[in-house]
Amino acid sequence: VQQKKASLEVATERDQVRADLAAISAKADAIEQAHQEQRQTAAAEALRTAERITKAETDRDEAHKEASAAREEAARLAGKLEAMQTQVESLMQALAAPAEPAKVSEKQPLVKTPKTK
């Protein structure tokens with residue numbers, strides 16, 4: 001009788017240990033699944049971040065090209081402006097200078113106009 005009772009207690013304890021083991025295994029599987037999902041989420045976020053960085057670098061490079069082109073255009077226009085300012089200055093000096101009498105060639109006789117009263 002005692003042997004049967006002890007055997008029953010051992011069987012009960014064995015069943016409890018198996019139930020605990022099953023619960024621990026299920027918990028470990030759930031933790032592993034959650035960890036796998038976190039790794040996938042982290043990998044997806046890393047990919048999105050890498051794409052944003054690549055786009056930002058591309059935008060930066062394009063902005064550098066545009067800025068360089070704008071500097072070159074500004075330099076070209078500054079050169080044109082300087083040339084035009086020099087031309088305007090020369091024209092203004094020519095207009096401000098008193099007009100010199102026209103030279104008469106030796107072949108043309110001087111014609112005097114009569115004075116009118």
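The structure presented is a predicted model; accordingly, all values stated were derived computationally and were not measured.
Of the possible polar contacts, none joining the Ser68 side chain to the His64 backbone as a donor-acceptor pair under 3.5 Å is found. Remark: the backbone N or O of Thr54 is paired with a side-chain donor or acceptor of Thr58 at under 3.5 angstrom.
The residues Asp59 and Lys55 are annotated as salt-bridged, a charged nitrogen and a carboxylate oxygen being separated by less than 4.0 angstrom. Checked for salt-bridge contact, Arg52 and Glu45 meet the test: a charged N lies under 4.0 Å from a carboxylate O. Under the 4.0 Å criterion applied to side-chain N and carboxylate O atoms, Glu57 and Arg60 are not assigned as salt-bridge partners.
Remark: Glu51 CD to Thr49 OG1 distance equals 9.0 Å, nearest 0.5 Å. Here the CD1 atom belonging to Ile24 is positioned 12.0 Å from the CG atom belonging to Asp29, to the nearest 0.5 angstrom. In this structure, Arg71 CZ and Glu66 CD are separated by 11.5 Å, a value rounded to the nearest 0.5 Å. A distance of 10.5 Å separates CD of Gln38 from CD1 of Ile31, quoted to the nearest 0.5 Å. To the nearest 0.5 Å, atom OG of residue Ser90 and atom CE of residue Met92 are 11.5 Å apart.
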Test Gln93 against Glu89 for side-chain contact (heavy atoms from CB on, under 4.5 Å), laying out the working first. CA-CA 6 Å; Gln93 287 175 354; Glu89 185 179 312; 3.8 Å; yes
Give the C-alpha distance, both sets of side-chain angles, the deciding distance and a yes or no for side-chain contact (heavy atoms from CB on, under 4.5 Å) between Lys4 and Leu8. CA-CA 6 Å; Lys4 217 178 189 184; Leu8 185 60; over 6 Å; no
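Between the side chains of Gln36 and Glu32, no donor N or O sits under 3.5 Å from an acceptor N or O. Between the side chains of Gln16 and Asp20, a donor-acceptor pair is found at a separation under 3.5 Å.
Residue Glu62 places its CD atom among more than 12 non-hydrogen atoms of other residues, nucleotides or ligands, all under 6.0 Å distant.
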